[in-house]
Amino acid sequence: MRAFITLKDFFSEHKWSYMLGVFWLLIIDSIQLIVPQILRSLTNAFEKNMLTINGIIKYSLLIILTGVIIAVGRYFWRIYILGTSRILEYYLRDKFFNHLLTLSPNYFNTHKTGDLMAHATNDVNAVRMAIGQGTIMIVDSIFLIILSLIMMIKTTNLRLTVIALFTLPFIIIVVSRFGKIIHKRFRIVQEAFSDLTDTTQENFAGIRVIKSFVQEDLVKENFTQVNKDNLKKNLNLVKISGTFHPFIQFISSISFLLVIWYGGKQVILNEISLGDFIAFNSYLGLLIWPMMAVGWVINILQRGAASMERINSILDEKPDIVDNSNAISLNRVKGKIEFKNVSFKYPNATNYALKNINFTIEGGKSLAIVGKTGSGKTSIVNLLLRLYDIEEGNIYLDNNNIKNVTLKSLRENVGYVPQDNFLFSTTIEDNIGFAFDNKVASEKVFNAAQLAEVYDNIIAFPNGFETVLGERGVTLSGGQKQRTSIARAIIKEPPIIILDDSLSSVDTETEEKILKNLEKIMDNKTTIIISHRISTVKAADEIILLEDGKIIERGNHEELLTLEGLYKDLYEKQLLEEKLNRQ
Ligand SMILES: Nc1ncnc2c1ncn2[C@@H]1O[C@H](COP(=O)(O)OP(=O)(O)OP(=O)(O)O)[C@@H](O)[C@H]1O
């Protein structure tokens with residue numbers, strides 16, 4: 001139960017709602033305890049032939065009155081307790097999502113999206129149940145058990161009460177044994193649900209690959225397998241809960257049997273009145289529910305605690321990359337970037353992705369990075385944006401070690417066009433204006449789209465810039481996505497812009513136009529261009545050629561050609577390719 005300590009702030013904020021809910025709950029419970037007394041008086045009067053029509057009306061009205069108060073009270077405790085548990089669900093999901101946003105990209109490389117989605121749905125629900133229904137049941141059970149026992153003893157005698165409670169220890173044993181098994185099976189069910197969510201999510205994300213490889217049958221088979229596994233684990237849980245409840249009910253019915261046998265005898269011997277006997281049975285009936293509820297509540301709390309533990313394990317996860325305590329916030333930088341003796345291995349990787357990288361880009365100048373796939377080009381950008389931290393070497397921005405700069409100000413100074421060009425399922429206009437907290441002026445969006453050479457494509461769509469991308473709308477071509485993504489980066493007018501293979505899907509003519517536009521807007525701004533294509537990089541002030549994480553050639557285009565090395569080979573091969581393409 002210690003797991004729920006995460007929610008202490010929530011409880012302190014909402015304690016009054018809980019208290020009011022509990023207050024109403026206790027009122028209802030107290031009134032419920034009056035009903036057997038009404039039945040008792042009614043039966044006794046009936047037995048003594050003293051019951052008049054007026055008496056029947058009086059007792060009936062009393063029963064109706066208690067019914068009305070119970071109904072009103074139930075409404076209020078539901079609002080206060082169940083309503084607050086819904087607020088808790090909202091609070092916890094928000095906290096969970098916000099925490100995930102603080103985690104470093106590496107966390108998402110090593111954790112499945114489906115798993116995280118299952119935490120945000122199933123686990124949060126289980127916690128809500130524990131805090132809502134669970135609270136009600138605990139208060140209800142404790143109060144009703146104590147007061148029913150007092151009333152039972154007062155109405156009849158201690159001996160009959162003790163006999164009625166003969167089954168209580170058995171109920172406690174059964175509840176605690178079953179509780180443990182239910183807890184374990186519930187955890188397994190949650191894990192199976194995570195797998196199911198994950199498989200579904202992955203299959204739909206990769207639907208194009210599945211269809212193009214005609215692998216629907218294989219995917220179907222895999223899904224059926226995971227779905228079957230989920231079903232099996234759920235049935236295991238149902239079987240145990242299915243045995244548990246009737247079992248408890250059976251044990252408690254033995255109490256009734258004992259009361260009918262012994263209590264009946266006491267009525268015959270005139271030790272208690274018929275009214276006492278009936279009231280006693282009603283109290284026993286009232287007692288069965290809380291005794292059962294003890295079982296339920298343990299079940300619900302166990303589930304809630306298991307889910308809370310799973311959520312806590314993520315909430316306890318510390319982001320790998322955070323601002324250091326005396327980090328400075330940079331305003332608009334001049335854009336000087338320096339890598340000094342930087343070597344880097346990805347977490348859990350054995351090989352270095354970058355080895356002893358040294359370069360300086362003066363503010364306003366451009367650097368191009370070329371190299372074969374996997375040579376470490378993107379890794380340089382990942383380090384500059386501090387998506388990963390380095391242990392060997394240093395990176396400086398305007399002569400400040402980036403480890404001493406706030407992440408926000410570092411990243412705000414950079415316009416980044418990533419390789420995967422991810423766009424959100426919202427309008428094109430909102431995608432381009434993504435960097436701004438508030439809606440940005442449409443003219444600004446249009447201008448960025450023009451500079452990225454995608455304006456004409458966008459206005460050709462029936463809804464133009466209002467076109468919704470993704471599920472409900474148009475899907476852009478690879479080149480259109482790249483250019484929309486460029487527009488998203490340049491609209492910020494950042495002092496540093498990074499294009500990671502961002503022109504690979506556009507033809508050379510459009511590429512040239514985009515580069516010309518960039519030249520205009522990037523005057524006095526620093527540019528890093530990563531590309532496989534020499535045509536994209538040849539105008540850069542400096543070009544570095546990477547191989548296996550090392551810089552093997554550097555210089556401007558002309559200098560690199562005179563080196564007669566790999567760069568020149570690459571250039572000649574691409575010239576030949578272009579020539580062949582033109583023929
Ligand atoms: N998150 C990661 N974890 C472990 N290794 C990684 C990770 N990202 C990249 N690598 C490895 O680091 C090396 C350099 O990768 P990087 O993405 O920098 O190459 P690249 O030159 O940009 O390639 P491409 O042109 O294909 O994009 C590769 O061997 C790659 O497998």
Side-chain angles (χ1 to χ4, degrees), residues 100 102-113 115-116 202 205 209 317 319-321 337 339 341-359 361 366-393 395 402 407 411 414-422 478-479 481-482 485-486 489 496-506 511 527-538 540 542-554 560 565-567 569-571 573-574 577:
L100 285 180
T102 68
L103 297 180
S104 317
N106 193 45
Y107 183 82
F108 299 93
N109 292 338
T110 48
H111 291 80
K112 296 186 203 161
T113 315
D115 218 13
L116 299 176
E202 193 168 290
V209 180
E317 197 80 42
D320 301 336
I321 295 156
I337 297 167
F339 270 57
N341 306 324
V342 174
S343 295
F344 173 68
K345 254 190 226 172
Y346 279 99
N348 307 324
T350 43
N351 295 332
Y352 276 94
L354 292 172
K355 292 169 211 155
N356 201 26
I357 301 293
N358 284 287
F359 65 79
I361 322 170
S366 57
L367 172 83
I369 311 173
V370 281
K372 283 189 213 141
T373 165
S375 56
K377 303 182 295 295
T378 302
S379 303
I380 289 187
V381 177
N382 286 345
L383 298 188
L384 177 61
L385 288 168
R386 267 193 86 197
L387 298 178
Y388 296 87
D389 262 342
I390 45 171
E391 272 153 27
E392 298 171 55
I395 302 172
I402 58 166
L407 284 168
R411 293 175 186 167
V414 179
Y416 178 39
V417 187
Q419 213 168 3
D420 67 4
N421 298 304
F422 181 85
K481 262 194 202 161
Q482 281 191 333
S485 189
I486 293 175
I496 301 169
I497 189 151
I498 302 174
L499 304 179
D500 188 351
D501 218 2
S502 314
L503 297 165
S504 57
S505 304
V506 296
E511 176 186 30
T527 318
I528 298 181
I529 298 185
I530 295 176
S531 180
H532 292 278
R533 255 197 234 156
I534 303 291
S535 58
T536 320
V537 303
K538 67 180 186 205
E542 185 173 16
I543 302 166
I544 56 178
L545 179 66
L546 285 182
E547 193 171 72
D548 284 338
K550 279 186 283 202
I551 299 179
I552 55 162
E553 289 174 24
R554 66 166 79 214
L560 283 171
L566 197 64
Y567 182 86
D569 279 357
L570 219 63
Y571 181 57
K573 261 188 221 145
Q574 288 184 10
E577 255 173 49

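Order of listing sets the numbers, starting from 1, for every ligand and every atom in it.
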_Proximal protein residues to ligand 1, non-hydrogen atoms under 4.0 angstrom_ =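 Within the 4.0 Å shell of ligand 1, which is judged on heavy atoms, sit N109, Y346, A353, K372, T373, G374, S375, G376, K377, T378, S379, Y388, Q419, H532.
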*Is the number of heavy atoms from other residues, nucleotides or ligands within 6.0 Å of CD (Q419) greater than 12?*
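Yes - once you tally the heavy atoms of other residues, nucleotides and ligands closer than 6.0 Å, there are more than 12.
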*asked:* side-chain contact (heavy atoms from CB on, under 4.5 Å) for I544 and F339? Distances and angles first, verdict last.
replied: CA-CA 13 Å; I544 56 178; F339 270 57; over 6 Å; no
_Among residues at least two apart in sequence or on other chains, which ones pass side-chain contact (heavy atoms from CB on, under 4.5 Å) with E553?_
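Applying side-chain contact (heavy atoms from CB on, under 4.5 Å) to E553 gives L545, L560, L563, L566, Y567.
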*Those residues that, when tested against Y346, pass side-chain contact (heavy atoms from CB on, under 4.5 Å) (two or more places apart)*: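 Partners of Y346 by the side-chain contact (heavy atoms from CB on, under 4.5 Å) criterion, ordered by chain and then number, come out as F344, A349, A353, S379, N382, Y388.
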*Carefully, step by step, assess K377 and I380 under the rule side-chain contact (heavy atoms from CB on, under 4.5 Å).*
CA-CA 6 Å; K377 303 182 295 295; I380 289 187; over 6 Å; no
*For H532, enumerate each residue passing the ring pair (Phe, Tyr, Trp, His ring centres under 6.0 Å) test, keeping only those at least two apart in sequence or located in another chain.*
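H532 satisfies ring pair (Phe, Tyr, Trp, His ring centres under 6.0 Å) with no residue once adjacent residues are dropped.
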